[in-house]
**Q** 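Here it is, the structure in full.
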Amino acid sequence: MKRKFKIFRYNPEKDKRPYYKEYEIEIGEGWTVLDAINHIHWYVDGTLAFRRACRSEICGSCAMRINGKNRLACKTQIKTLGKGTIKIEPLPGLPIIKDMVVDLDPFFRNLEKVKPYFIKYSPLPEKEQLQTPQEREIINEAAMCILCGACTTSCPSFWANPDYLGPAALLKAYRFIFDSRDEGGKERLEIINDRNGLWRCHAIFNCTEACPKNINITYYIKKLQNLAVNNQF
Amino acid sequence: MLKPKWFYPSYKKDVGEWAWILHRLGGLALIFYLFLHIFVTNRLAAGPEAFNATMKALSTPVFKFLEWGLWGVILFHAFNGIRLVLVDFAGASKYQKLLFWIAFVLFLALWIPAAWKFFL
Ligand code: HEM
Ligand code: SF4
Ligand code: FES
């Protein structure tokens with residue numbers, strides 16, 4: 001079956017401004033969008049730039065905007081995208097380096113701010129530190145994040161203000177603050193309880209709609225807001 | 001590097017983003033109305049004639065229509081506001097779409113039939 005792709009193109013060395021280029025290719029049964037753009041890159045137009053690595057929904061490199069919405073190219077089956085031309089664009093809200101390759105520095109800088117690692121001040125235990133199933137349940141979904149950036153770059157609050165920590169960083173903060181073994185909760189809460197933190201979430205739900213791991217990110221941001229409010233009274 | 005934009009109108013909008021856009025535009029409209037309301041009420045200070053003249057100007061069909069629109073803005077902002085409070089404080093994120101449609105139906109149910117009150 002033939003399918004048309006309308007792909008965002010921008011080469012900083014040649015193009016004054018970005019444009020869209022159409023490609024029509026024969027696609028196979030069960031192809032994902034990543035299969036299609038790989039095919040274009042290998043056999044039709046080698047100048048097309050995009051990131052990918054695992055092609056199995058786990059590395060997070062292939063997040064891009066497909067038919068208007070942020071998704072993983074390797075997770076998106078072409079047959080779920082209806083009949084028309086498939087539009088492919090880079091993630092919104094980040095500087096564009098070339099075609100679908102965006103500068104992820106602002107994203108990772110925000111992640112770094114929330115101290116995305118275990119913090120332990122008391123002496124380390126002799127053995128591995130266990131959690132009860134109930135303790136694990138609280139962070140189970142939040143710990144599934146693969147840091148693809150689809151959520152943060154779908155958020156209008158982040159578009160308007162790239163200093164806003166954004167859903168991915170806040171979700172990471174939740175993942176550690178609510179981890180029974182972590183001891184950095186208080187300092188993290190102080191960092192995210194900031195004018196560029198928690199309070200820029202207006203429950204728009206674009207992050208939750210975009211997340212390829214179906215994490216209800218908004219739910220966890222609201223849990224953090226509740227924690228911050230209750231801590232102050 | 002190409003600079004990012006501050007808003008992407010072409011981003012695919014689900015109910016959450018529509019609700020946010022309407023809520024914000026409504027909030028701004030309500031603030032605008034608040035100032036108008038203060039101004040109109042303040043005409044009382046200019047005496048009964050001036051106030052009556054202002055009130056007469058505000059009884060034209062155009063203002064009746066705007067008032068009906070204002071009632072719609074209030075209803076949407078209030079019902080969606082309750083949805084947002086439930087999302088904020090009651091962990092209702094999982095039900096946000098259902099809550100939106102409940103809010104939307106309540107908004108229409110109190111807005112559309114109210115038209116006769118404003119126009120008759
Ligand atoms: C019926 C009672 C009302 C309820 C339940 C309500 C609820 C809310 C809520 C929950 C928000 C936060 C939205 C967000 O986080 O983005 C909000 C925002 C806002 N409200 Fe109301 N509100 C009410 C009445 C009013 C009135 C009377 C005015 C104006 C005089 C007003 C003006 C605004 C404005 C300007 C915003 C900011 C818009 C935004 O952040 O998107 N609201 N309202
Ligand atoms: S929360 Fe979901 S959308 Fe956001 S970075 Fe993690 S996997 Fe990607
Ligand atoms: S290529 Fe790794 S997530 Fe898509």
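Quick caveat, the model's predicted, so the values are computed rather than measured. Both backbone and side-chain heavy atoms feed into the values below; hydrogens, waters and symmetry mates do not. Lettering of chains follows the sequences in order, A, B, ..., and the numbering in each one begins at 1.
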**Q** Between A:T218, A:I221, A:V102, A:N226, which residue shows the highest count of heavy-atom pairs closer than 4.5 Å to chain B?
**A** A:N226
**Q** Determine whether more than 12 heavy atoms belonging to other residues, nucleotides or ligands lie under 6.0 Å from atom CD of A:E135.
**A**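 Yes, the 6.0 Å shell around CD holds more than 12 heavy atoms from other groups.
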**Q** Can you confirm whether more than 12 heavy atoms, excluding those of A:Y19, are under 6.0 Å from its OH atom?
**A** yes
**Q** Count the heavy atoms belonging to other residues, nucleotides or ligands that lie under 6.0 Å from CH2 of B:W18, then report whether that count exceeds 12.
**A** no
**Q** Hey, does the side chain of B:Y8 reach the backbone of A:G68 with a donor-acceptor pair shorter than 3.5 angstrom?
**A** no
**Q** Taking all atoms of both residues into account, what is the closest heavy-atom pair of B:W6 and A:W159, and its distance?
**A** O-CB, 3.4 Å
**Q** Is there any residue in residues 95-102 of chain B with a non-hydrogen atom under 4.5 Å from a non-hydrogen atom of chain A, and which ones are they?
**A** B:Q96, B:K97
**Q** Could you state the interatomic distance from NZ (B:K94) to OG1 (A:T208), rounded to the nearest 0.5 Å?
**A** 10.5 Å
**Q** How many angstroms lie between CG in A:L94 and CE in B:M1, if you round to the nearest 0.5 Å?
**A**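 One gets 10.5 Å once the value is rounded to the nearest 0.5 Å.
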**Q** Tell me, yes or no, whether the heavy-atom count around A:Y20 atom OH, taken from other residues, nucleotides or ligands under 6.0 Å, exceeds 12.
**A**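 Result for OH/A:Y20: enclosed.
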**Q** Locate the shortest heavy-atom distance separating B:P4 from A:G93; write the atom from each residue and the value.
**A** CB-C, 3.4 Å
**Q** Can you tell me which portion of A:N67 sits under 4.5 Å from chain B's heavy atoms? Options are side chain, backbone, both or neither.
**A**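 Looking at A:N67, just its backbone touches chain B.
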**Q** Can you tell me which of A:F158, A:F205, A:Y10 forms the most heavy-atom pairs within a distance under 4.5 Å of chain B?
**A** A:F205
**Q** So which of A:C201, A:P156, A:P12, A:P18 has the biggest tally of heavy-atom pairs under 4.5 Å with chain B?
**A**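 Max contact count across the listed options: A:P156.
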**Q** Using 0.5 Å steps for rounding, measure from the CZ atom of A:R65 to the OG atom of B:S10.
**A**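 Taking CZ in A:R65 and OG in B:S10, the distance rounds to 3.5 Å.
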**Q** Do A:H202 and B:R24 make a side-chain contact, defined as non-hydrogen atoms from C-beta onward lying under 4.5 Å apart?
**A** yes
**Q** Sort A:Y219 into side chain, backbone, both or neither according to what part of it lies under 4.5 angstrom from a heavy atom of chain B.
**A**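 Contact with chain B is through both the backbone and side chain of A:Y219.
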**Q** Check whether A:S154 gets within reach of chain B through its side chain, its backbone, both or neither, counting any heavy atom under 4.5 Å.
**A**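 Both backbone and side chain.
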**Q** What residues of residues 56-93 of chain B sit under 4.5 Å from chain A when only non-hydrogen atoms are counted?
**A**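 Listed by number, the contacting residues are B:R83, B:L84, B:V87, B:D88, B:F89, B:G91, B:S93.
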**Q** Please report the interatomic distance NZ(B:K12) to CG(A:N70), rounded to the nearest 0.5 Å.
**A**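 Here the interatomic distance stands at 12.0 Å.
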**Q** If you count heavy-atom pairs under 4.5 Å between each of A:A210, A:P92, A:P90 and chain B, which one has the most?
**A** A:P92
